[in-house]
Amino acid sequence: TRHQKASAFPPPFPNGWFMVCRSEDVANGQVKEVVAFGRSYALYRTYPTPTDGQRRVTNEVNKHLGIVQMVEAYCPHLGANLGVAGEVSMSTNCLKCKFHGWEFD
C-alpha cells in the first residue's frame, strides 16, 4: 500500500467546493466581480434559453433560471476586468468585454 506523507497536505490549491456568492444574488444577465483565494473573478448568469428545460412563467420566477458561471476576471486581449467591464451578450449568452467585443463562453 502506498502512503502519502503528511507534509504533502494541505495541497497548494483550493481542494473542494467553496461558496463565493449565493445563487439568488446573481440575476439573469448580471455580471459581478468576486475576489476569492487572492484572485479576481467575473461571476455571471446567462439568460435562460428554451433548451434549459424551464418553462417561462413570470419575470420574477425566471430571473434566476440562467446558468451561473465564474471565469478569471481579466480579458486576455488588453487586461480589462470583466467583473467590472463585462456584460452577458443576449445573442450568444457569452461573457463579452465591453471594450473590444471579445466573447468568452
Side-chain angles (χ1 to χ4, degrees):
T1 310
R2 247 178 18 173
H3 295 284
Q4 187 121 19
K5 293 181 181 179
S7 63
F9 293 100
F13 52 85
N15 187 16
W17 292 95
F18 298 89
M19 186 172 99
V20 295
C21 184
R22 294 168 37 110
S23 179
E24 59 265 16
D25 292 340
V26 186
N28 294 331
Q30 184 178 12
V31 181
K32 290 184 166 202
E33 179 184 24
V34 173
V35 177
F37 318 112
R39 300 180 76 170
S40 292
Y41 297 92
L43 181 74
Y44 66 99
R45 185 183 294 272
T46 62
Y47 292 100
T49 64
T51 58
D52 288 337
Q54 306 286 344
R55 69 186 175 99
R56 297 179 181 222
V57 184
T58 66
N59 284 341
E60 186 60 33
V61 171
N62 285 321
K63 73 180 183 179
H64 297 108
L65 291 182
I67 298 168
V68 176
Q69 311 246 7
M70 189 166 93
V71 297
E72 298 239 6
Y74 299 102
C75 177
H77 180 223
L78 291 176
N81 185 330
L82 298 172
V84 177
E87 62 187 6
V88 179
S89 168
M90 290 190 81
S91 60
T92 63
N93 238 356
C94 294
L95 182 62
K96 180 179 181 179
C97 180
K98 289 182 185 178
F99 292 110
H100 297 105
W102 284 35
E103 293 187 354
F104 308 93
D105 58 7

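Reckoned from all heavy atoms, side chains included, excluding hydrogens, waters and symmetry mates. For this chain, numbers begin at 1 and follow the sequence in order. None of these values were measured; they are calculated from a predicted model.
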Salt bridge (charged side-chain N to carboxylate O under 4.0 Å, His left out) partners of residues 34-43, not counting sequence neighbours, each pair once | R39-E72
Any idea which heavy atoms bring G66 and N28 closest together, and the distance?
-> N-OD1, 2.9 Å
Within residues 74-90 or reaching into it, pairs that qualify as salt bridge (charged side-chain N to carboxylate O under 4.0 Å, His left out) - sequence neighbours excluded | none
Is a side-chain N or O of N93 found less than 3.5 angstrom from the main chain of Y47, in a donor-acceptor match?
-> yes
Partner set under side chain to side chain contact (heavy atoms under 4.5 Å, CB included) for S91, not counting sequence neighbours | S89
Of all heavy-atom pairs between Q30 and V88, which one has the smallest distance, and what is that distance?
-> O-CG2, 4.4 Å
Show me the donor-acceptor pairs, under 3.5 Å and distance only, between side chains in residues 95-102 and residues at least two apart or in other chains.
residue: H100; atom: ND1; partner: H77; partner atom: ND1; Å: 3.4

Which residues share a side-chain hydrogen bond (donor to acceptor under 3.5 Å, both in side chains) with D25, sequence neighbours left out | none
Those residues at least two apart in sequence (or on a different chain) that pass side chain to side chain contact (heavy atoms under 4.5 Å, CB included) with M70 are V20, Y41, L43
Taking all atoms of both residues into account, what is the closest heavy-atom pair of V68 and S23, and its distance?
-> CG2-OG, 4.2 Å
Smallest separation among heavy atoms of C94 and D105, with atom names | SG-CB, 3.6 Å
By side chain to side chain contact (heavy atoms under 4.5 Å, CB included) - contacts of S40 (at least two apart) = E33, V35, A73, Y74
Does Y44 share a hydrophobic cluster with M90, counting links as ILVMFWY side-chain heavy atoms below 4.5 Å and allowing steps through other members?
-> yes
